[in-house]
Protein chains: 2
Amino acid sequence: MDLLNEFGIPVIPDAVNTTQRKRESIIEAALAEFLREGYAAASVDSIASRAKVSKPTIYKHFGNKERLFLAVIGGVLPKTYADLEPYNSMIAEASDLRTALIRLTLDWTKLLLRDDILSLRSLVIGEIDRFPQLGHLWYRVSYEMNNAPLVNAITELHKRGVLDVPDPVLAVQQLVALTVGVPQLVKTLQPDLEIDDAELTRTITSGVDVFLARYRSASRL
Amino acid sequence: MDLLNEFGIPVIPDAVNTTQRKRESIIEAALAEFLREGYAAASVDSIASRAKVSKPTIYKHFGNKERLFLAVIGGVLPKTYADLEPYNSMIAEASDLRTALIRLTLDWTKLLLRDDILSLRSLVIGEIDRFPQLGHLWYRVSYEMNNAPLVNAITELHKRGVLDVPDPVLAVQQLVALTVGVPQLVKTLQPDLEIDDAELTRTITSGVDVFLARYRSASRL
DNA sequence: GTCTATATCAGGATAGAC
DNA sequence: GTCTATCCTGATATAGAC
């Protein structure tokens, strides 16, 4: 049965765009459902309803539930981290290193404490035994988009004598643990607990100061 | 049909002990099943098989699947952390603080990186939206059995002038993040990745040194 | 208290029309 | 490519015998 518009003229949707739009609609609905229910409890029926699409359409596009899960979660991961790129490169050039580090790690922390990202992270961690690829992907994306550029910046600062860092890779892990890691650990186990901005800033600032107490070059003190 | 022993004499099991043993058998089997499959995918049928018990027995004991899950996971959590208690009290009295801190955090880390505990942690994190009680319980047990005694010890060391720690609670969080947190973050997303003992020791040692660089009393340098 | 057997239902996946 | 209608497995939970 064709749809007719208000003049009685049949509406023929553009086939390609419709297909593409349905595909995106499925991905959006699936992400929401998986985040809410987890993998096993998520139902393809619910996803079909949310996406206003029939079940066979989902199976034509993605094959089965596992592939749908991998495609959806694997697709959203890189997008999640894409926001942070620009900041890293500025560290090596900053006139005030302490302020630059605080700014960087504070932005990073606020991103990773967002409810949607915490949910995504909990989902990936919870399904790690069934979908280890997602754990590796998360680690790789997180490392390449964040740690690695920071390692480069810190290595550069070491060469210039601003910092004294024998193991830059470990040092960056420690900086991340000292800043992002502290509130993340709390919110991972207690997502409902609110952390106000002042406390977050205090935590991050203190973390950066611990980092600098160890790694700032003695000659600059 | 009664069981007969080798002399043809019927074996009448002690009713109370049998019931208790079945209950423990269910708990053990349920824990294994939940750790393997997660909450939603775990089947009460499988648990009954593993425990060599019929399904109605499980429902008589625990009511439903949710209550079974909460009883099992909530019961195993405190046991998990019970091993660490003795070490904390020794920090304040140690002659060599650095060595004592390394020893404490290294033991702590090795415990929390055990496969069964990592699985338990991933399970709790993955089900956090459906069972927030478990997240709170984990946080509370972990804090009371580990962080709190360490906060006391560090406060004591601050009073004695050995350390200079304006905020002991935050400082302990940072110490934990710097030591346990670094390898835990890796193993949480990549459980299969092996971390050898030498590298672990190096990581923990470096973490303690970062901590002490910031908080060791200046007068003692 | 514990079992066998069963009720009841929802979920993943697909056949076949259009 | 997309839908309606359906298959079939496997899940939670329980009735009733012993």
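The figures here come from the full heavy-atom set of this structure, side chains too, leaving out hydrogens, waters and symmetry mates.
A straight line from CG of D45(A) to P of dG11(C) spans 6 Å, rounded to a whole angstrom. Protein atom CD of E33(B) is 14 Å distant from nucleotide atom P of dG10(D), rounded to whole Å. A straight line from CD1 of I26(B) to P of dG1(C) spans 12 Å, rounded to a whole angstrom. The interatomic distance linking F62(A) (CZ) with dA13(C) (P) rounds to 14 Å, in whole Å. What separates CZ of R67(B) from P of dA13(D) is a distance of 12 Å, to the nearest Å. Between Y59(B) atom OH and dT6(C) atom C1' the separation is 14 Å, expressed in whole Å. Remark: P of dG10(D) and CD of E37(B) are 13 Å apart, rounded to the nearest angstrom. One can place CD1 of I47(B) at 15 Å from C1' of dG10(D), the figure rounded to the nearest angstrom.
As judged by a 4.0 angstrom heavy-atom cut-off over every strand, N64(B) is placed among residues touching the sugar-phosphate backbone only. Across all strands shown, A42(A) has heavy atoms under 4.0 Å from sugar-phosphate atoms exclusively, and none from any base.
By the 30° and 60° cut-offs, the orientation of the rings of Y143(A) relative to Y139(A) is parallel. Classified by interplanar angle (parallel below 30°, tilted 30° to 60°, perpendicular above 60°), the ring pair F69(A)/F131(A) is tilted.
The existence of a salt bridge linking D45(B) and K55(B) is confirmed by a sub-4.0 Å separation between a basic side-chain nitrogen and an acidic carboxylate oxygen. Note on R214(B) versus D209(A): no salt bridge recorded, every NZ/NE/NH1/NH2 to OD/OE distance being 4.0 Å or above.
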What does the list of N/O pairs under 3.5 Å between the protein and nucleotides 3-8 of chain D look like, with a distance for each?
from	atom 1	to	atom 2	distance (Å)
dC3(D)	OP1	K22(A)	NZ	3.4
dC3(D)	OP2	S54(A)	N	3.0
dC3(D)	OP2	S54(A)	OG	2.9
dC3(D)	OP2	T57(A)	OG1	2.4

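Look at T18(A) and you won't find any side-chain N or O under 4.0 angstrom from OP1 or OP2 of dT2(D). Considering only side-chain N and O atoms, H61(A) lies under 4.0 angstrom from the phosphate OP1 or OP2 of dT2(D).
Among the nucleotides dT12(D), dT2(D), dT2(C), the one closest to any side-chain atom of V44(B) is dT12(D).
Using a distance-only test at 3.5 Å, with no hydrogens or angles considered, a donor-acceptor pair links the side chain of R130(B) to the main chain of E37(A). With T80(A) contributing its side chain and V76(A) its backbone, the two residues share a donor-acceptor pair below 3.5 Å.
A donor-acceptor pair shorter than 3.5 Å cannot be found between the side chains of T203(A) and S206(A).
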